[in-house]
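A short worksheet on the structure shown next.
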Number of protein chains: 2
Amino acid sequence: MVKNKKDSTTEARLLAAAKKVFTTKGLAGARMQDIADEAGINKAMLHYYFRDKDKLFEVIFLEEANKFFPKINKIFESDMPLFEKIEQFVNEYIDEMLENPYLPWFILNELNRDADQFLSKIWDIKNRPNPAKLLQQIEREVKKGTIKKISPIHLLMNLLSMTIFPFIARPMIERNLQMTAAQFDNMIAERRKEIPKFILDSIKK
Amino acid sequence: MVKNKKDSTTEARLLAAAKKVFTTKGLAGARMQDIADEAGINKAMLHYYFRDKDKLFEVIFLEEANKFFPKINKIFESDMPLFEKIEQFVNEYIDEMLENPYLPWFILNELNRDADQFLSKIWDIKNRPNPAKLLQQIEREVKKGTIKKISPIHLLMNLLSMTIFPFIARPMIERNLQMTAAQFDNMIAERRKEIPKFILDSIKK
DNA sequence: ACTTTTATTAACCAAATGGTTAAACTGAAT
DNA sequence: ATTCAGTTTAACCATTTGGTTAATAAAAGT
C-alpha cells in the first residue's frame with residue numbers, strides 16, 4: 001500500500017492529531033499544545049492553517065459528518081422493505097463506528113454542552129439525520145398489519161439505542177464485563193445480526 | 001412541602017450548583033467561577049469546603065453513585081423471575097434519570113476521558129454495576145427453554161441500550177424529532193412499558 | 001540572480017483560570 | 001465584654017492556555 005502523499009503534509013498531520021486529541025479529551029479538554037505535540041509540529045502551525053481552536057474543531061467535525069450522515073439519510077429515505085432497511089442501517093452505522101469510534105461521542109458531547117451553538121453554527125441542517133420517512137414507513141406497516149402494533153418513535157429509539165449505545169459506553173462495558181478489545185470487536189460484529197434479529201422477533205406477527 | 005434547612009446552607013448550595021455546571025459543561029469545561037456564580041457565593045468557598053476542583057467533582061459523583069448503583073445491583077442479584085427483573089430495572093433506572101438526568105452522561109464522559117484514573121481513584125469497586133447474576137439467570141432460562149435462544153451479553157446490552165441511550169442522546173432526539181421537553185418526558189414514561197414489552201415480545205417462545 | 005510568496009520556528013503576550021491569603025464578620029461559649 | 005472557632009469576602013498570585021509576532025528558511029516565480 002503506497003502512502004498517500006497528502007497524509008504526511010503538515011496540515012494533514014495536524015488534522016489527524018487534532019482528531020485524536022479532541023476525541024479523547026473533548027473540545028474544552030483538548031489543548032492546542034497537545035495537538036501540536038501529537039503531530040510533532042509547532043503549535044503556531046495550527047493557527048496558521050486553521051485560524052483558531054473552534055475552526056479546527058469545525059473542520060474535523062464537518063469532514064466526517066458530511067461523509068457519514070448523507071449515507072444514513074439515504075437509507076432512511078430509500079424504498080426498501082422495513083426489515084432490510086433496519087439491516088442496512090445497523091451495518092452502515094457499525095461500519096462507521098469501527099472506522100471512527102469517536103464520532104457519536106463527539107456529537108453527543110457537543111450537543112449536550114451547547115446544542116444551539118453546535119447545531120446552528122457547526123452542524124449544517126442538510127447533514128442532520130432525518131428519520132421522517134422511516135417513521136412513516138413503520139406506521140404504514142403497522143396499519144397494513146404486516147408487523148405488530150408499535151409506536152414508530154419507540155421502534156426508532158430502540159434501533160438507534162441498540163446500535164449506538166455500545167460504542168458510547170465502550171469503556172464501561174469493557175471494564176464491567178471484563179472484555180478485551182478483541183472481545184468487544186467480536187461482540188460488535190455479532191450485533192450486525194443480533195440487532196435485526198432481536199427487532200424482527202419482537203415486531204413480527 | 002417544607003424546605004429542608006440543609007438545602008440552603010452554603011455547602012449544599014455550592015454542591016447543587018456544581019452538579020449543574022459539571023453536568024452541562026463537563027469536568028474540563030466547568031469553571032469554578034461559574035459554579036460560584038450559579039450558587040451566588042464567593043468562589044473561595046468552593047476551596048474552603050472542597051479543597052480543589054477534582055475533590056469537588058469526586059464528592060458529587062460519589063454521592064449519587066453510592067445511592068444509585070447499589071439499588072441496581074440489588075435488582076441484578078435478586079431472585080425475581082427474569083421478566084420482572086427487567087421491568088424493575090427499567091423503572092428504577094428511569095426514576096433515577098428523571099431525578100438526575102446528568103448521571104449517565106457524567107459517568108460515561110469521565111470514563112471515556114480517563115477510565116483508569118476514574119475507576120481506580122473515584123469509582124469505588126463496591127458501587128460499580130455488576131450484572132453477573134443476571135447474565136447467569138438468562139443463560140439458565142435459555143437452557144431451560146423458557147425463552148428463545150439468545151446470548152446473555154446481547155440481551156443485557158439491548159436492555160441497557162434501550163433504557164439509557166435516550167437520556168444520553170436527549171438533545172439530539174429533541175432536536176431531530178422536534179420534541180418539546182414535555183413530549184420527551186412523556187415518551188420516557190411510555191418506555192417504562194415499551195421496553196419490557198419489546199424485550200418480552202422478542203424473547204418469549 | 002533576485003524577488004516574492006509560503007511555510008516554520010521560538011519567543012512572547014494577554015486573558016482566563018485554579019487556587020491562596022489576609023482581613024473581616026458572625027455567633028456561640030466563657 | 002471578650003474570646004475564639006468557623007465562615008465569608010475581595011484582592012491577589014502563579015500557571016495554563018489560546019493566540020500573536022517577528023525573524024527565518026524554503027519554494028516558487030521572474
Side-chain angles (χ1 to χ4, degrees), chain A residues 3-63 106 109-110 112-114 117-118 121-122, chain B residues 3-62 106 109-110 113-114 117-118 121-122:
Chain A
K3 211 182 196 176
N4 186 342
K5 217 172 200 174
K6 278 216 169 172
D7 289 349
S8 54
T9 62
T10 297
E11 188 174 357
R13 288 177 58 197
L14 288 175
L15 272 175
K19 212 175 203 174
K20 187 170 173 184
V21 176
F22 276 136
T23 301
T24 46
K25 311 242 177 153
L27 174 58
R31 302 280 153 250
M32 295 298 269
Q33 190 62 59
D34 290 347
I35 297 172
D37 290 348
E38 175 75 33
I41 287 168
N42 191 289
K43 176 170 72 98
M45 297 313 282
L46 282 170
H47 295 96
Y48 179 75
Y49 282 107
F50 308 104
R51 191 183 223 75
D52 61 31
K53 196 183 181 185
D54 285 329
K55 291 272 191 314
L56 172 60
F57 181 87
E58 189 180 323
V59 166
I60 290 179
F61 171 74
L62 284 180
E63 183 184 312
F106 206 55
N109 214 338
E110 296 313 310
N112 237 37
R113 231 177 32 97
D114 187 347
Q117 206 239 315
F118 185 71
K121 290 198 179 166
I122 295 182
Chain B
K3 213 183 197 176
N4 185 342
K5 216 171 199 175
K6 278 217 169 171
D7 290 349
S8 53
T9 62
T10 297
E11 189 174 356
R13 288 177 58 195
L14 287 175
L15 273 175
K19 211 176 204 175
K20 187 169 173 185
V21 176
F22 277 137
T23 301
T24 47
K25 311 242 178 153
L27 174 59
R31 301 282 152 249
M32 295 298 267
Q33 190 62 60
D34 290 348
I35 296 173
D37 290 348
E38 174 75 32
I41 286 168
N42 192 289
K43 175 170 71 98
M45 298 313 284
L46 282 169
H47 295 97
Y48 179 74
Y49 282 107
F50 308 105
R51 194 184 220 71
D52 61 30
K53 197 184 181 184
D54 284 328
K55 290 274 190 315
L56 172 59
F57 181 86
E58 190 181 322
V59 167
I60 290 180
F61 172 73
L62 285 180
F106 206 56
N109 214 337
E110 296 314 310
R113 232 176 31 97
D114 187 347
Q117 206 240 314
F118 185 70
K121 290 198 180 167
I122 296 182

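Labels below follow one simple rule: chain letters A, B, ... track the order of the sequence lines, proteins then strands, and each chain is numbered from 1.
Of the candidates C:dT9, D:dG18, D:dT9, D:dG18 carries the atom nearest the A:Lys43 side chain, counting heavy atoms from C-beta on. Listed candidates were C:dT9, D:dT7, D:dA10. Nearest to the side chain of B:Tyr48 is D:dT7.
Straight-line distance from the NE2 atom of B:His47 to the P atom of D:dT7: 17 Å, rounded to whole Å. Rounding to whole angstrom units, CG of residue B:Leu46 and P of C:dT17 are separated by 15 Å. Taking atom CZ of B:Arg13 as the reference point, atom P of D:dT7 lies 15 Å away to the nearest angstrom. Residue A:Phe50 contributes atom CZ, which lies 13 Å from atom P of D:dG19 at whole-angstrom precision. Computed from coordinates, the A:Gln33 CD to C:dC12 P distance equals 16 Å when rounded to whole Å. At whole-Å resolution of the value, NZ in B:Lys53 and P in C:dG19 are 8 Å apart. Atom P of nucleotide D:dG18 and atom NZ of A:Lys55 are separated by 16 Å, given to the nearest angstrom. Nucleotide D:dT15 holds its C1' atom 15 Å from the CG atom of B:Asp52, rounded to whole Å.
Taking side-chain N and O atoms only, A:Tyr49 has a distance below 4.0 Å to OP1 or OP2 of C:dT8. Side-chain nitrogen and oxygen atoms of A:Thr10 include none within less than 4.0 Å of the OP1 or OP2 phosphate oxygen of C:dA7. For D:dT16, neither phosphate oxygen OP1 nor OP2 lies less than 4.0 angstrom from any side-chain nitrogen or oxygen of A:Arg31.
Rounded to the nearest 0.5 Å, atoms CG (A:Leu15) and CD1 (A:Ile60) are 5.5 Å apart.
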Report task. Decide yes or no on side chain to side chain contact (heavy atoms under 4.5 Å, CB included) for A:Phe22 and A:Ile35, but give the supporting numbers first. Result -> CA-CA 8 Å; A:Phe22 276 136; A:Ile35 297 172; 4.2 Å; yes

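Annotation: of the two residues near DNA chain D, A:Asn42 and B:Ala44, the 5′-most nearest-nucleotide partner is B:Ala44.
Within the nucleic acid shown, B:Ala30 comes within 4.0 Å of sugar-phosphate atoms alone, with no base atom in reach, counting heavy atoms only. Looking at heavy-atom distances under 4.0 Å, A:Met45 makes contact with a base.
Between the B:Lys55 side chain and the B:His47 main chain, no donor and acceptor come within less than 3.5 Å of each other.
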